[in-house]
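In this chain, residues are counted from 1 in sequence order. Side-chain atoms are counted along with the backbone in the values below, which use heavy atoms only and exclude waters and symmetry mates.
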Amino acid sequence: MEEVNGPRLYCCSNCRNHVALHDDVISKAFQGKSGRAFLFGHAMNVSVGSKEDRELMTGLHTVADVYCSDCKQVLGWKYERAYEESQKYKEGKFVLEKAKIVRENCQ
């Protein structure tokens, strides 16, 4: 597990594995399967599942589920491809559901 010493981390709500840095939050205005979600530019200590096309609120995207590398809980998804030109900025980025992550102040 990649250990990060810093003030602002997001961790898996199930096992407290470090999965993202607060500084990598791009937007907090996303919607996940279980409610509010955050868009991150980078995630760590996660594994990425198989790609599939999904019709989301903003159109058709190729996405892959993202799992905690320790406990295997589904945390959200990674945008692999956006078909709409206005959605291309999401490609390669991660959506992590607020219900699946917790913010921690680690020293």
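Residues Arg16 and Val102 have side chains in contact (heavy-atom distance under 4.5 Å, counting atoms from C-beta outward). When side chains are defined from C-beta on, His22 does not count as touching Leu9, because their heavy atoms never get closer than 4.5 Å. When side chains are defined from C-beta on, Ile101 counts as touching Val19, because their heavy atoms get closer than 4.5 Å. Side-chain contact between Lys78 and Lys93: absent, with no pair of heavy atoms (C-beta onward) separated by less than 4.5 Å.
Put simply, Met44 and Val66 are part of two different groups of oily side chains (I, L, V, M, F, W, Y) that touch within less than 4.5 Å, one to the next. A single hydrophobic cluster is not seen to contain both Leu39 and Val46; linkage of ILVMFWY side chains at heavy-atom distances under 4.5 Å, directly or through other members, places them apart. Cluster membership for Tyr89 and Leu56, using ILVMFWY side-chain heavy atoms within less than 4.5 angstrom, is shared. Note: the hydrophobic cluster containing Phe94 does not contain Trp77 (ILVMFWY, side chain heavy atoms under 4.5 Å, direct or indirect links).
Glu84 meets the side chain to side chain contact (heavy atoms under 4.5 Å, CB included) test with Ser86, Gln87; sequence neighbours excluded. Under the side chain to side chain contact (heavy atoms under 4.5 Å, CB included) criterion, Asn14 pairs with Cys12, Cys71, Gln73, not counting sequence neighbours. With sequence neighbours excluded, the residues that form a ring-ring contact (aromatic ring centres under 6.0 Å, His included) with Phe38 are Tyr10. With sequence neighbours excluded, the residues that form a salt bridge (Lys or Arg N to Asp or Glu O under 4.0 Å) with Glu52 are Arg54.
Atom SG of Cys68 is separated from atom CG of Asn45 by 7.5 Å, given to the nearest 0.5 angstrom. Note that SG of Cys11 is 16.0 Å distant from NZ of Lys100, once rounded to the nearest 0.5 Å.
Taking Ile, Leu, Val, Met, Phe, Trp and Tyr as members and joining any whose side-chain heavy atoms lie under 4.5 Å apart, directly or through other members, the hydrophobic cluster of Tyr83 also contains Leu60. Cluster partners of Tyr67, by chain and number: Val74. The rule joins Ile, Leu, Val, Met, Phe, Trp and Tyr whenever side-chain heavy atoms lie under 4.5 Å apart.
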Enumerate donor-acceptor pairs with a distance under 3.5 Å from any side-chain N or O in residues 25-37 to protein atoms, sequence neighbours excluded.
from, atom 1, to, atom 2, distance (Å)
Ser27, OG, Ala29, N, 3.1
Ser34, OG, Glu97, OE1, 2.5
Arg36, NE, Lys28, O, 3.4

Carefully, step by step, assess His61 and Asp53 under the rule side-chain contact (heavy atoms from CB on, under 4.5 Å).
-> CA-CA 6 Å; His61 299 272; Asp53 285 344; over 6 Å; no

With salt bridge (Lys or Arg N to Asp or Glu O under 4.0 Å) as the test, would you mind laying out the steps for Lys88 and Glu91 before giving the verdict?
-> CA-CA 6 Å; Lys88 294 281 188 189; Glu91 291 180 343; 3.5 Å; yes

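With Lys90 as reference, Thr58 is the one residue of Val63, Thr58, Val95 to meet the side chain to side chain contact (heavy atoms under 4.5 Å, CB included) rule.
Counting non-hydrogen atoms of other residues, nucleotides and ligands closer than 6.0 Å to CD of Glu55 gives a total above 12.
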